[in-house]
Trainee: 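Structure in C-alpha cells, see below.
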Amino acid sequence: MSNPAVPPRSLAEALRARDDASLAALLRARPDLITPVPTDLTQLATRAGTRASVVRALERLDRFALQTAEALAVAADPAPYEELRALLTGDGGDPAVSAALPRALATLREQALVWGDDDRLRLVRTARELLAPSPQHPSPTGLGPTVQEATAGMSPGRIQDIVTATGLGSTHDAVSALASLTALFTDRKRMSALLAELSEESREVLTRLVWGPPYGQVTADPAAHLRRLLDLGLLVPTAPGTVVLPREVALHLRGGRAHRAVEPLPPAVEPAATHRPQVVDATAAGQAYTALATVEELLKDWDEGGPAVLRAGGLSVRDLKRTAIALDVAEPVAAFWVELAYAAGLLASDGEADERYAATPAHDEWLEQPAAQRWARLVEAWLTATRVSGVVGGRDAKERTLSTLGPGLDRSAAPEVRHRVLTLLAGLPEGASPSKESVLARLRWERPLRGPQREDDLRSRLAEWTLAEAELLGVTGRGALSGHGRALLGATGPKSPAQAPVGPGDKLPVHHRPTLAEPLSPAEQATASAAAARLLAPLLPEPLDHVLLQADLTAVAPGPLQRSLAEVLDVLADVESKGGATVYRFTPGSVRRALDAGQSASDLHAFLAAHARTPVPQPLTYLIDDVARRHGHLRVGAASAYVRCDDEAILNEILADKRAAGLRLRRLAPTVLAAQTDPASLLDGLRAMGFAPAAESAEGDVLITRAHAHRTPPRTAPEPVPDGPPIPDATLLSAAIRAIRAGDLASTTPRRQTDRPPPATGELPRTNSAETLATMQAAVLTGEALWIGYVNAEGAASQRLIAPVRVEGGFVTAYDHTADEVRTYPLHRVTGVAELADEA
C-alpha cells in the first residue's frame, strides 16, 4: 500500500491508498468496474477512466455532485479546495453550499471521479473532457474557453495589441503577454476599473453572453462598442464572424460563480393533502380488490383462447380496444392490466400454429391462493418488471409502433424509479399524499439530465406512471402510501436514512448520497410482500355465499361472491352491470348455457334455493323449466352434420322455415335431417330460429360444453432487463478486493535483476519449462516467494504471487497470495517465473 504521507501521482496510486471498505464502496457504486474482476489496481484505475464507465457514473450523480464536477472541469488542473468552493459559492459566499460541498466531493472521490488531496484536486481526465467547455460540447455552466485557449490561433502581434490596449506593458513573447492578461482578468479590483470605462452598449453585450452560451456573432465591420470589446480582449474572435467571451471575464461578471443557480440540497417532497391513515388503507384495500377482480375478468375473457398474436409479436390495436371495452376501462389502463398479467406469468402465447394468447397453468394456481397473496404476487411482479405499458402506442428507433405484449417495451430504469417514488411517499407522514410536481422535482435533482432539460424525459414519465399505477393496484389510497404499501418496501419500522426526506436542516454522513434507493433483494422482497399481504388481508371484503333474486329475472350480488358461487352464476346468468353490487340477468340463452354445461333443471332450482336470500321468483322458475323442457329435444351430430328428433312435426317445421334455407337441410328419415354444414354452424342456425338443440357424440350421448379449457403450456414470466451490471453482494466484493489486492501486490513487488529484460507493465513473465521447473524447486528449498504468469483452462491470463511448497508430477503446490489459500497449479500452464528482489 502507498505511503499516505506522499501525495498520489495517479488515480491508481490514489486507489492503492484506499482501504477495503472504500474500494467496496467504489465497486458497489460502479459495478461495471468489476465485470470482469480487474487483475490489479492499475487495471481498475484504467477501467474507471474509460469513457463508457465515466458517462455512466456521471449520469448517476445527483445535481449538486454533478455541479461540483462541472465546476472542477472549469477550474485549474489540479485545483485547490478553496478555488472549487469559490466557484460554487461566488464572491459573497453561501453557507449552505459550503456545508454540502464536503459530501459532494466525498461522493466524487468515492466513485473515483476525483482524486488527490484537498490542495491538489484532480478530475479524471475523461470526465474533464466530457464536462469542460468546447465549441462542439458547450459546458453546462455556460462558460467558454480561457483566454489562453481562446487566443491559441491568434498572432503574437495581435496579442501584444490587446495587452497594450488594456494598459499593460508590452512583453517580449506571447506566453508572458497572456499570463499578464489573465492576471488582469482575474484581479477583481483592476477588472472592475476596466469595465467601468466601457460604454453602456458594451456592457450590455457582455451581460447577454455572461450566463451562456458564450458565443456571439459579429459583422466584418463591427460597431464601435463591439470593436472596443475586441480591442480589450473582452471578446475574442474564434472564427470569421464568431466571438467568444473568455472564461475569466465571465467569472468576474458572475461574481465568481460557475453556475447561475447552485442546488446543494434536494427539494423537499411537499404534501398536497392529508387524510386519516384508516381512510387511506380502506381506499387502497378497495382498489386492491378491484385490481384482483379486473385481472380475473381479463383472464376469464381469454380462458377459451384470447386474441391472436401479431406476426411481429404483441396485441393488435383492435384487440386492445375490445379488451378495454370488456373491462370497461380506457385503452392505456387495459394495456397496463394485460402487461401486469403477463409480467406475473398469468398469461402468455400458446405457441400453436394459429398462435393466440391464453391463461397459463400458473393462473389456476394463482386463483386458488387467498386474495391477499394474489395481490402480493401482482404487486411484486409490478415492482420488478421492466416492461412499461405507458410506452404502448409510441415508436421505437425504427419508427415501428409499440404494441401491448410486443417487443420493445422494456425500460431498464423502471424498477428503480418505481421503488424510489414509493420510498419518497414513505418518507411523508402517514396519510399524506404528495404533489406530483414536488416528486418530479426531487427525482430530477437526484438524477439530473445532462444537456437541455426536457419536461417529458423518460424518468419523469416513469414516475408519473408509477403514481397512477400504484393507485390502480391499491398500493396507495387517495395518493398516499397505505400501510401495506409501506410494508411492501420493508418500511414498517422507523424510517431509514434513505427513506427520510433530506432538508436544509438534515446532517448527512460523508458517504451518504440521497439519490435513488436500492431496491430490495429477491429474498427481502419476498419477505416484505408476505408482510404486506398479512396487513392487507383483514381489510379485504369477505366473499359472500348468497345473492338477492328479483322478480324481473335479475340477481343482485351485494358484494364479492365465493369463487364456486361466482363460477356457476357466470354460466347461469349474464352480467348486466358492475360496481359496488353486481347485477346478473337470467335469459333463455344463459339458462341454455348452463344446461349445455351438464346441469339439469332440478340442479339449477336447488342451486338457486341454496344461495338466494330471497324466495325464488316464479318467473325465474318458469324460465328454467321452459328452457329445460325444450332443451335437447333436437339432437345435432356429425355426419357431416345431422338433426334428429322423435317428433316429426318439429322437423317439418324446420324444413318449412325460410330461415333454414342457408343450412341446406334434407330428410334422410322421418326423424333425421342431414345438413351440408358443420355441427357448430347448424347448432347456431337452429338456435337463431328459436329452437333449443343439443349436440351429441358419435355414440349418441349429449355433449357437455365446459368453459375454462384452453391453457398454454407451462410458461415462465418474462425476465426483467437489467439496468447495467448487477450490484455485487458482500461475498463477491470481498473476493474481488482480495484478488485485486493480491494481483496488485504481484505486479508491484520488485523483481530480482536478471540478464533477461524485465516484462512490460501488465505483461506476464516468460521463461522456458526447464528454467521454470528449476526456479520452482529452488524456491521450495529456500522458502522464497515467486511471481508467476498463469493461464487457466479457459485461456484467461493472470499474474500471481505464490510461495511454492512442493513440486512433483508436473504440478506445483503453493500458497497463493492472490487467492489467500493453498492451491495446486499444472506447470505446463505457468508461462514463466520471476524471483522477487531481496528487499521485497
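It should be emphasised that the depicted structure is a prediction, and the values quoted were computed from it without experimental measurement.
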Trainee: Between R18 (side chain only) and E110 (backbone N and O only), is there a donor and an acceptor less than 3.5 Å apart?
Mentor: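 Yes, because the side chain of R18 sits within donor-acceptor range (under 3.5 Å) of the backbone of E110.
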Trainee: With sequence neighbours left out, what residues match A45 under side-chain contact (heavy atoms from CB on, under 4.5 Å)?
Mentor: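 A45 satisfies side-chain contact (heavy atoms from CB on, under 4.5 Å) with L11, A12, L15 once adjacent residues are dropped.
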Trainee: Could you tell me if R63 and Q67 have a donor-acceptor pair between their side chains, going purely by distance under 3.5 Å?
Mentor: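 No, R63 and Q67 have no side-chain donor paired with an acceptor closer than 3.5 Å.
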Trainee: Do W465 and V421 come within less than 4.5 Å of each other through their side chains, counting heavy atoms only?
Mentor: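 SC-SC contact between W465 and V421 ruled out.
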Trainee: Would a 4.5 Å heavy-atom cut-off, applied to side chains only, mark R420 and T466 as touching?
Mentor: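 Counting from C-beta outward, R420 and T466 never come under 4.5 Å.
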Trainee: Tell me which pairs pass side chain to side chain donor-acceptor pair (under 3.5 Å) where either residue lies in residues 387-397, with sequence neighbours left out.
Mentor: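 Counting only pairs at least two positions apart or across chains, the side chain to side chain donor-acceptor pair (under 3.5 Å) contacts touching residues 387-397 are E339-R387, R395-T401, D396-R400.
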Trainee: By ring pair (Phe, Tyr, Trp, His ring centres under 6.0 Å), which residues pair with W375, not counting sequence neighbours?
Mentor: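 For W375, the residues satisfying ring pair (Phe, Tyr, Trp, His ring centres under 6.0 Å) (neighbours in sequence not counted) are H484.
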Trainee: According to side chain to side chain donor-acceptor pair (under 3.5 Å), who are the partners of S98, at least two apart in sequence or on a separate chain?
Mentor: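 Counting only residues at least two positions away or on another chain, S98 forms no side chain to side chain donor-acceptor pair (under 3.5 Å).
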Trainee: Between P133 and V74, is any pair of side-chain heavy atoms under 4.5 Å apart?
Mentor: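 With C-beta onward as the side chain, the pair touches.
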Trainee: State, yes or no, whether a side-chain contact exists between L383 and L422 at a heavy-atom distance under 4.5 Å.
Mentor: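 Yes; the side chains approach each other to less than 4.5 Å.
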Trainee: Under 3.5 Å, is there a donor-acceptor pair between the side chain of E13 and the main chain of R9?
Mentor: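 Present.
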Trainee: Quiz question: by atom type and distance under 3.5 Å, do the side chains of R47 and S53 form a donor-acceptor pair?
Mentor: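 Not at all, the side chains of R47 and S53 share no donor-acceptor pair under 3.5 Å.
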Trainee: Output the distance between atom CG (L108) and atom CG (L66), rounded to the nearest 0.5 Å.
Mentor: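 Answer rounded to 0.5 Å: 8.5 Å.
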Trainee: Among residues two or more places apart or on two chains, list those pairs meeting salt bridge (charged side-chain N to carboxylate O under 4.0 Å, His left out) that have a residue in residues 123-132.
Mentor: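 Checked against salt bridge (charged side-chain N to carboxylate O under 4.0 Å, His left out) - neighbours excluded - the pairs reaching residues 123-132 are D77-R128.
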Trainee: Okay, side chain of R442, backbone of P266: is any donor-acceptor separation there less than 3.5 Å?
Mentor: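 No; zero donor-acceptor contacts below 3.5 Å.
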Trainee: Check salt bridge (Lys or Arg N to Asp or Glu O under 4.0 Å) between D118 and all other residues, then give those that pass, not counting sequence neighbours.
Mentor: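 Testing D118 for salt bridge (Lys or Arg N to Asp or Glu O under 4.0 Å), a comparison that skips the adjacent residues, returns R109.
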Trainee: With a 4.0 Å cut-off, would you call R459 and E446 a salt bridge?
Mentor: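 E446 and R459: not salt-bridged.
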Trainee: Should R103 and D62 count as an ion pair when the cut-off is N to O under 4.0 Å?
Mentor: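 Salt bridge flag = yes for D62 with R103.
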Trainee: Under a 4.5 Å cut-off applied to non-hydrogen side-chain atoms, are T42 and R16 in contact?
Mentor: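 When only atoms from C-beta onward are counted, R16 and T42 do touch, with a gap below 4.5 Å.
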Trainee: What is the distance from atom OG1 of T50 to atom CG of L33, rounded to the nearest 0.5 Å?
Mentor: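 Separation between the atoms: 7.5 Å.
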Trainee: Which residues pass the side-chain contact (heavy atoms from CB on, under 4.5 Å) test with P31, not counting sequence neighbours?
Mentor: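 Once residues adjacent in sequence are excluded, the partners of P31 under the side-chain contact (heavy atoms from CB on, under 4.5 Å) criterion are P725, P728.
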Trainee: Who passes side-chain contact (heavy atoms from CB on, under 4.5 Å) against S412, sequence neighbours left out?
Mentor: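 side-chain contact (heavy atoms from CB on, under 4.5 Å) check on S412 returns D723.
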Trainee: Taking only Lys NZ, Arg NE, NH1 and NH2, and the carboxylate oxygens of Asp or Glu, determine whether E82 and R85 approach each other closer than 4.0 Å.
Mentor: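 A salt bridge is present here (some side-chain N lies under 4.0 Å from a carboxylate O).
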Trainee: Check whether any side-chain heavy atom of F64 sits under 4.5 Å from a side-chain heavy atom of E263, and report yes or no.
Mentor: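 No. Closest side-chain heavy atoms not under 4.5 Å.
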Trainee: Treating S734 as the side-chain partner and A730 as the backbone partner, does any N or O pair qualify as donor plus acceptor under 3.5 Å?
Mentor: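 Flag not set: sc S734 to bb A730 has no pair under 3.5 Å.
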Trainee: Looking at side-chain heavy atoms only, is the closest gap between R418 and L462 below 4.5 Å?
Mentor: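 Contact flag for R418/L462 side chains = no.
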Trainee: Please enumerate all residues that pass side-chain contact (heavy atoms from CB on, under 4.5 Å) together with A273, with sequence neighbours excluded.
Mentor: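 Checked A273 against side-chain contact (heavy atoms from CB on, under 4.5 Å); matches are H275, S433.
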Trainee: With sequence neighbours excluded, tell me which residues meet side chain to side chain donor-acceptor pair (under 3.5 Å) with E719.
Mentor: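 E719 satisfies side chain to side chain donor-acceptor pair (under 3.5 Å) with no other residue.
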Trainee: Is the backbone of G477 close enough, under 3.5 Å, to the side chain of S482 for a donor and an acceptor to pair up by distance?
Mentor: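 Looks like no, no N/O pair under 3.5 Å.
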Trainee: If you round to the nearest 0.5 Å, how far is CG of L424 from CG of L443?
Mentor: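 Nearest 0.5 Å value for the CG-CG distance: 5.5 Å.
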Trainee: Whether the side chain of R254 engages the backbone of A258 through a donor-acceptor N/O pair (distance < 3.5 Å, no angle test) should be reported.
Mentor: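 Yes, R254 side chain to A258 backbone: donor-acceptor pair under 3.5 Å.
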Trainee: Answer yes or no: is there a side-chain heavy-atom contact under 4.5 Å between L472 and W337?
Mentor: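 L472 reaches W337 side chain to side chain.
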Trainee: Counting only N and O atoms by type, is there a donor-acceptor contact under 3.5 Å from the side chain of S139 to the main-chain atoms of A132?
Mentor: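 Not at all, since once roles are kept as given, no pair shorter than 3.5 Å links the two residues.
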Trainee: Going by side chain to side chain donor-acceptor pair (under 3.5 Å), name the residues that satisfy it together with R257, two or more places apart in sequence or in a different chain.
Mentor: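 R257 satisfies side chain to side chain donor-acceptor pair (under 3.5 Å) with no other residue.
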Trainee: Can you sort out the partners of T476 under side chain to side chain donor-acceptor pair (under 3.5 Å), two or more places apart, ordered by chain and number?
Mentor: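 T476: side chain to side chain donor-acceptor pair (under 3.5 Å) contacts with E471.
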